[in-house]
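When a residue number appears, it is its place in the shown sequence, counting from 1. What you see below is based on every heavy atom in this structure, not just the backbone, and it leaves out hydrogens, waters and symmetry mates.
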Amino acid sequence: MKTLLMEVFVAVFLGMISISEGIRLVIMKKLYKFDIFGPGFYNIGLGAVLTIISLAYFVSERKKALGAGGKAQASQPVGKSEYRKVISMVSVLIIYIILMYLTGYLFSTFVFFLMINRIAGFRSWLSIAGVTVLMTAAFYLLFVTWMGIIFPRGLLFNF
C-alpha cells in the first residue's frame with residue numbers, strides 16, 4: 001500500500017507541476033502578447049489528465065490491495081524480470097534522446113516505439129511493426145500536423 005501511495009503522490013505532484021507551469025505560460029502569453037515559452041494550455045491539459053488518471057489508478061489499485069476483507073494484503077516481491085524491464089526502458093529512452101539529436105523525430109520515434117513495444121510484451125514482430133507504424137503516424141499527425149509543434153530534424157536527415 002505504501003508503494004501505491006508513493007506512486008500516486010509522485011504522479012499527482014508531477015501533474016500539479018505541469019498545471020502550474022501551464023498557468024504560468026498562459027499568464028506570460030497575456031503579458032507579452034505571444035507565447036515564447038511553449039503551449040501553456042497543452043501543459044494544463046496534460047497535467048490535469050495525469051492527475052485524474054493517477055487518482056483513478058489509486059482508487060482501482062486500492063481495492064485490489066485491500067482485497068475482499070478490507071485489510072491490506074502482502075505485496076508481491078519484485079523479480080529480476082521487472083528490474084530488467086525498467087533498465088531496458090530507461091536504456092531505450094537514452095537511445096531515443098541520442099537518436100532524436102542525430103536522426104530527428106520521425107525515425108527516432110519509430111525506433112523508440114518498436115523497442116518499447118517489444119519490451120512491453122508484444123511477441124509477434126508483425127504486430128510490433130503494425131502498432132509502431134500506427135503510433136508513430138498518430139503522434140506525428142497529432143503533434144506536428146494538427147498542433148503545429150516543431151520537432152527536431154536531426155543532423156543526419158532533413159525530414
Taking all non-hydrogen atoms of both residues into account, name the closest pair between Phe110 and Thr136 and its distance. CA-OG1, 3.5 Å
Check for me, please, whether Met135 and Leu141 land in the same ILVMFWY cluster - side-chain distances under 4.5 Å, paths through other members count. no
The reported gap from CZ in Phe13 to OG1 in Thr51 (rounded to nearest 0.5 angstrom) is 11.5 Å
ILVMFWY cluster membership beyond Ile53 - transitive side-chain contacts under 4.5 angstrom: Val49
Is there a path of hydrophobic side-chain contacts, each under 4.5 Å between heavy atoms of I, L, V, M, F, W or Y residues, that connects Val90 with Tyr101? yes
Over all heavy atoms of both residues, which pair between Arg123 and Arg118 is shortest? Give the atoms and the distance, please. O-NH1, 2.9 Å
How many angstroms lie between CD1 in Ile116 and CZ in Phe122, if you round to the nearest 0.5 Å? 12.0 Å
Aromatic ring pairing Phe143/Phe139, orientation class (parallel under 30°, perpendicular over 60°, tilted between): tilted
Salt bridge (charged side-chain N to carboxylate O under 4.0 Å, His left out): which pairs involve residues 14-23, sequence neighbours left out? Glu21-Arg24
Under the 3.5 angstrom rule, does the side chain of Ser18 hit a backbone N or O of Leu14 as a donor-acceptor pair? no
When clusters are formed by joining ILVMFWY residues with side-chain heavy atoms under 4.5 Å apart, either directly or through shared neighbours, do Ile87 and Leu93 land in the same one? no
Just by modelled atom types, is the Tyr96 backbone N or O under 3.5 Å from a matching donor or acceptor in the Ser108 side chain? no
Under 4.5 Å between side-chain heavy atoms, hopping through other hydrophobics if needed: is there a path connecting Trp125 to Val131? yes
Can you name the closest pair of heavy atoms from Glu7 and Tyr57 and give their distance? OE1-OH, 2.8 Å
Identify whether Ile128 and Ile95 are in the same connected component of the hydrophobic contact network (ILVMFWY, side-chain heavy atoms under 4.5 Å). yes
Please round to the nearest 0.5 Å and tell me the distance separating atom CD1 of Ile94 and atom CG of Leu99. 12.5 Å
Determine whether Phe58 and Leu5 make a side-chain contact, defined as any pair of heavy atoms from C-beta on separated by less than 4.5 Å. yes
Please report the shortest heavy-atom distance between Lys85 and Ala120, naming the atom on each side. NZ-O, 4.3 Å
For Leu106, does its backbone N or O pair with a side-chain atom of Thr109 as donor and acceptor, under 3.5 Å? no
